[in-house]
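Any value given below was found using the heavy atoms of this structure, including those in side chains, with hydrogens, waters and symmetry copies removed. Residue numbers start from 1 in every chain, and the chains themselves are labelled A, B, ... in the order their sequence lines are given, proteins ahead of strands.
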2 protein chains.
Amino acid sequence: MRISELSRRSGVSIPTIKYYLRDGLLPPGRATAANQADYDDSHLRRLRLIRSLIGVRGLSVSATRDVLAAVDKQRENVHLLLGLVLGILPADRGGEPEGSTQADDTSAPAGADADADVSGLSEVAALTAEMGWKTSPHTPAAQVVAETLETLRALGVDYDWRSLLPYAELADRTAALDLDQLADASDPLQQAERAVLLTVLLEPALLALRRLAQEHHSAQRYGGG
Amino acid sequence: MRISELSRRSGVSIPTIKYYLRDGLLPPGRATAANQADYDDSHLRRLRLIRSLIGVRGLSVSATRDVLAAVDKQRENVHLLLGLVLGILPADRGGEPEGSTQADDTSAPAGADADADVSGLSEVAALTAEMGWKTSPHTPAAQVVAETLETLRALGVDYDWRSLLPYAELADRTAALDLDQLADASDPLQQAERAVLLTVLLEPALLALRRLAQEHHSAQRYGGG
DNA sequence: AGGAATGGCGAGTGACACTATCCATAGTAG
DNA sequence: CTACTATGGATAGTGTCACTCGCCATTCCT
């Protein structure tokens, strides 16, 4: 099919498809002439996947490109694929610029940003040890947990890795559920895509379920406002 | 204290503080002259909270403003506060522009975006009914779950609300944990802030815990790559 | 007295995700 | 064979966001 049909069937505008082609999100079609290429169902499928990752999950275009590259590269080894993808995913916070906003902070020890990772990461190590998780530290996920812990304390909340243990327990079961669903999959590409969908695309939905449950529990405890 | 001290103690640059003041994130200091105001610890505290919501959680400036306004307004009723905050929080995906990209999609029924909410929301209703959750439909969280369900199916994954039940079960316990931690809090402002911190700020950390657990389980099942 | 700091304002910046316009060529309906 | 639309490729422009800068008339502080 040509680009106009691809656009019509995917609901993505032609300029946007061209943009994805240029940025390497979508592989080029088979060229039939200098200004003619044709696309097949794999392009359509890929385009839908792109739109889901960007539109539903909220990944940036570059993160999406990296994730898709990982899918293409490691489609036969789900473990390696997950490792790649989990390393690629952003920390789910806007994205910290590198330059330090303010360097000094001489008087107060309250600045709380400089050595957040140092002490926080050792706490995460304690948490993963307690859980029996064999995970490499320094992974983005560990950084996020460490930073959150530090931030909560800087804001005066009495929190340490032990406070997160119950959550870790629930996360463990959630992950077990996730992995269960990858067992049954036909071909490698299907399984690779499914792995990405069920780990990455499900994230907003899981947060949303937590919010629904919070709403319910809040009403239960504090009376229906 | 004056703005320079506020900046030094918070680690936020003066121009940024001015920007937050202008945008109503930070209440103005007590004016002592035409070009002089002084700030107190509440401003410092608020500024740290702002930085956490924006920097750690990744909220937009306007969402942060709304959340803070809710905290100030409903600091004595945690249920109402949570309701407000849960209604304010974005769906955690970039943020869909309103204008439809492509209207027609005549031939294929695969476009899958138009009536996503319609059938999806009834599924979410089934899910919440099964869970015994008394939540209002049409809440952003319900929309996200509905949209995710639709998207997964559009991508060929066999998924419906029943598939989410185990996750909902875990989300329910997570929310129970969350609410437990709000029981002990001294003054209303403390509790209101704590509610926001433990529900909003914890979100990235919970996803991170899931990723750590996924890494572990993946290694367990597929052998340590 | 005089240099530094302040508040308040408008304008500028860089990143991001598109979106629009060109152009030379290719398909295609008459 | 011709007029007309569509295509791929490239360059430039748009709107939003979260700051960041520069300016100015005070005001502080020494």
Whole angstrom is fine here: how far is it from CG in A:L25 over to P in C:dC16?
14 Å
Rounded to whole Å, CG of B:L6 lies from C1' of C:dG7 at a distance of 14 Å
Tightest non-hydrogen contact, residues A:L25 and A:V61, listed as CD2-O, 3.5 Å
Measure the distance from OH on B:Y19 to P on C:dA11 and round it to the nearest whole Å.
17 Å
Counting primed atoms, P, OP1 and OP2 as sugar-phosphate and everything else as base, the B/S/- map of nucleotides 25-30 of chain D against protein heavy atoms under 4.0 Å is -BSSS-
Could you tell me if the side chain of B:L49 sits less than 4.5 Å from the side chain of B:L197, heavy atoms only?
yes
Check this for me, if you would: do B:R48 and B:E193 make a salt bridge, where the nitrogen-to-carboxylate-oxygen distance has to be below 4.0 angstrom?
no
Salt bridge B:E150-B:R153, side-chain N to carboxylate O under 4.0 Å:
yes
As a test of reading the structure: which of C:dG8, D:dC19, C:dC18 is closest to the side chain of B:V61, going by heavy atoms?
D:dC19
For D:dC19, does OP1 or OP2 lie under 4.0 Å from any side-chain N or O of B:R51?
yes
Would you say the side chain of A:R22 and the base of D:dG8 hold a donor-acceptor pair, judged only by whether the two atoms sit under 3.5 Å apart?
no
Rounded distance in Å - CG (B:L26) to C1' (C:dG7):
14 Å
Using a cut-off of less than 4.0 Å, is there contact between a side-chain N or O of A:S4 and OP1 or OP2 of D:dT7?
yes
Write down the atom of B:A195, the atom of B:L182, and the distance for their closest heavy-atom approach.
CA-CD2, 3.5 Å
Could you tell me whether the phosphate oxygens of D:dT20, OP1 or OP2, come under 4.0 Å of any side-chain nitrogen or oxygen in B:T16?
yes
Check whether any side-chain heavy atom of B:H43 lies under 4.5 Å from a side-chain heavy atom of B:M1, and answer yes or no.
no
Would you indicate what B:A37 reaches in the nucleic acid, counting non-hydrogen atoms under 4.0 angstrom: base, sugar-phosphate, or nothing?
sugar-phosphate
For B:M1 and C:dG7, give me the distance from atom CE to atom C1', rounded to whole Å.
17 Å
Correct closest heavy-atom pair for B:L201 and A:T148 would be O-CG2, 3.8 Å
Whole angstrom is fine here: how far is it from CG in B:D38 over to C1' in C:dA5?
15 Å
Rounding to a whole Å, what distance do you find between B:Y20:OH and D:dC17:C1'?
12 Å
To the nearest angstrom, how far is B:L21 atom CG from C:dG8 atom P?
8 Å
